Enquirer: 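Got a structure here, written out as structure tokens. Questions coming.
Remember, it's a predicted structure, so these values are computed and weren't measured experimentally.
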2 protein chains.
Amino acid sequence: MGASSKIRQLDPAAICRSSDPLAVRELLTKIGDKWTIFVVLSLDLLGGRARFSELERAVPGISQRMLSSTLKNLERDGMVIREVFPEVPPRVEYEMTELGRRLLHPTQGLVDWAKENWEQVREAQSRYDER
Amino acid sequence: MGASSKIRQLDPAAICRSSDPLAVRELLTKIGDKWTIFVVLSLDLLGGRARFSELERAVPGISQRMLSSTLKNLERDGMVIREVFPEVPPRVEYEMTELGRRLLHPTQGLVDWAKENWEQVREAQSRYDER
DNA sequence: TCAGTCACTTACGTCGAGGTAAGTTATGGG
DNA sequence: CCCATAACTTACCTCGACGTAAGTGACTGA
């Protein structure tokens, strides 16, 4: 058996080029949920800082429950900081951290990919379905 | 009211910089599921072409059911091509398309981000949890 | 006194992603 | 005759993501 048969074997830990594969999966799972990207991108478009109700209006279709839990997850992951102002009615502002802002770069790469290739995906799906 | 109050308003369609927001969400949802990235990255590491059982061994923990459905989705989206060889026992090979290979670039950006920033995410989570 | 505001939380129900295990098909080899 | 093999499919179940709707608390202005 030569090297050509060996090269087909794959070290399980080597997926994702030796980084922690589970970290990559967790990250993708997080930003792959229904609302996280929209909230992150909207927060960025709003200048990196906005209050709850602004985000609610900025992300069409999101409910208070989902916005709340999405923001809570982002806060827990260190992507945003939550600041409470002790007023009545209450005011809460969310600000992107440096960590969160850094995530925007690779995310934008996917956004661009979708812009350029999604039509092709749609066509492939149509071809596959009619048959 | 000046421009500073207007700028906080957000055109719903403008999320993701005017590309189709739903396409971006669908894309993220697809590669954000449990197995797709692992399958795609493994297929790439195996030279862009591999048979079912090779992928099964390459992706630790995946079941035949999930590998089968993940590959079917990738095929439907035009990311891989399925080739059947009429032999016994059967042989089926999966090959990445140009479209699929193009997706690797932005995906690698996220992999790199995880490599460099995941430790920081873990720390943020710990800080958040103990409190 | 009462309604309105904001930023939530709680309760409840649905639906689909994903896990486990077993079955299937066709054939060559012992 | 029977088993192994590859690449699946099918049946069944669980659990969590997500939706909807209503409640909450503290204060202000009418």
Enquirer: Would you mind reading off the distance between B:Lys34 atom NZ and D:dA17 atom C1', rounded to a whole angstrom?
Expert: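 Nearest whole value for this atom pair: 15 Å.
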Enquirer: For B:Thr97, what residues pass the side chain to side chain donor-acceptor pair (under 3.5 Å) criterion, not counting sequence neighbours?
Expert: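 Partners of B:Thr97 by the side chain to side chain donor-acceptor pair (under 3.5 Å) criterion come out as none, since no residue qualifies.
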Enquirer: Between D:dC18, C:dG18, D:dA6, which one does the side chain of B:Arg51 approach most closely?
Expert: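 From the listed options, D:dA6 comes nearest.
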Enquirer: Would you mind reading off the distance between B:Phe38 atom CZ and C:dG18 atom C1', rounded to a whole angstrom?
Expert: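 Going from CZ in B:Phe38 over to C1' in C:dG18 covers 15 Å.
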Enquirer: For DNA chain D, what residues of residues 85-95 of chain B have any heavy atom nearer than 4.0 Å?
Expert: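 Contacts with DNA chain D under 4.0 Å: B:Pro89, B:Pro90, B:Arg91, B:Val92, B:Tyr94.
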Enquirer: Can you name the residues that form a side chain to side chain donor-acceptor pair (under 3.5 Å) with A:Glu116, not counting sequence neighbours?
Expert: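 Side chain to side chain donor-acceptor pair (under 3.5 Å) list for A:Glu116, sorted by chain: empty.
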Enquirer: Going by the rule side chain to side chain donor-acceptor pair (under 3.5 Å), which residues pair with B:Glu130 if we only count those two or more places apart in sequence or in a different chain?
Expert: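 Residues passing side chain to side chain donor-acceptor pair (under 3.5 Å) with B:Glu130: none at all.
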Enquirer: Let's see if you get this right: which residues in residues 71-84 of chain B place a heavy atom under 4.0 Å from DNA chain D?
Expert: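 Residues of residues 71-84 of chain B under 4.0 Å from DNA chain D: B:Lys72, B:Arg82.
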Enquirer: When you measure from the side-chain N and O atoms of B:Ser68 to the phosphate of D:dA7, is any distance below 4.0 Å, counting only OP1 and OP2?
Expert: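 So the side-chain polar atoms of B:Ser68 never come under 4.0 Å of the phosphate oxygens OP1 or OP2 of D:dA7.
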Enquirer: Just the rounded figure in Å: distance from P of D:dT9 to CG of B:Leu67.
Expert: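 It works out to 11 Å between those atoms.
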Enquirer: Just the table, please: protein N/O against nucleotides 20-24 of chain D N/O, every pair under 3.5 Å.
Expert:
| unit_1 | atom_1 | unit_2 | atom_2 | d |
| --- | --- | --- | --- | --- |
| D:dT20 | O4 | A:Arg65 | NE | 3.1 |

Enquirer: Please list, chain by chain and in numerical order, all residues satisfying salt bridge (charged side-chain N to carboxylate O under 4.0 Å, His left out) with B:Glu26, sequence neighbours excluded.
Expert: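 B:Glu26 satisfies salt bridge (charged side-chain N to carboxylate O under 4.0 Å, His left out) with A:Arg122 only.
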Enquirer: Quick one: salt bridge (charged side-chain N to carboxylate O under 4.0 Å, His left out) partners of B:Glu95, sequence neighbours excluded?
Expert: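 Scan of B:Glu95 (salt bridge (charged side-chain N to carboxylate O under 4.0 Å, His left out), adjacent residues dropped) gives B:Arg49.
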Enquirer: For A:Asp77, give me all partners under salt bridge (charged side-chain N to carboxylate O under 4.0 Å, His left out), at least two apart in sequence or on another chain.
Expert: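 For A:Asp77, the residues satisfying salt bridge (charged side-chain N to carboxylate O under 4.0 Å, His left out) (neighbours in sequence not counted) are A:Lys30.
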Enquirer: May I have the distance from A:Ile62 (atom CD1) to D:dA17 (atom C1'), rounded to whole angstrom?
Expert: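 Distance check: A:Ile62 CD1 to D:dA17 C1' gives 13 Å.
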Enquirer: Do any side-chain nitrogens or oxygens of A:Ser53 fall under 4.0 Å of OP1 or OP2 in C:dA7?
Expert: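 For A:Ser53, the contact criterion (side-chain N or O under 4.0 Å from OP1 or OP2 of C:dA7) is met.
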Enquirer: In whole angstrom, what separates A:Asp33's CG from D:dG19's C1'?
Expert: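 Rounding to the nearest Å, CG of A:Asp33 and C1' of D:dG19 are 15 Å apart.
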Enquirer: Among pairs that include at least one residue of residues 98-114 of chain A, which meet salt bridge (Lys or Arg N to Asp or Glu O under 4.0 Å), considering only residues two or more places apart or in two chains?
Expert: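 Every pair satisfying salt bridge (Lys or Arg N to Asp or Glu O under 4.0 Å) with a residue in residues 98-114 of chain A: A:Glu98-A:Arg101, A:Asp112-A:Lys115.
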Enquirer: Please enumerate all residues that pass salt bridge (charged side-chain N to carboxylate O under 4.0 Å, His left out) together with B:Arg76, with sequence neighbours excluded.
Expert: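 B:Arg76: salt bridge (charged side-chain N to carboxylate O under 4.0 Å, His left out) contacts with A:Asp129.
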Enquirer: Report the distance from atom CG of A:Leu55 to atom P of C:dA7, rounded to the nearest whole Å.
Expert: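 In whole Å, C:dA7 P lies 10 Å from A:Leu55 CG.
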Enquirer: Quick check: closest heavy atoms across A:Leu110 and B:Pro106, and the distance to 0.1 Å?
Expert: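 It is CD2-CB, 3.7 Å.
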Enquirer: Could you pull out the closest heavy-atom pair between B:Ile62 and B:Met66, with the gap in Å?
Expert: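 What the structure gives for the nearest pair is CG1-CB, 4.0 Å.
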Enquirer: A:Ser126: what forms a side-chain contact (heavy atoms from CB on, under 4.5 Å) with it, not counting sequence neighbours?
Expert: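 Checked A:Ser126 against side-chain contact (heavy atoms from CB on, under 4.5 Å); zero matches.
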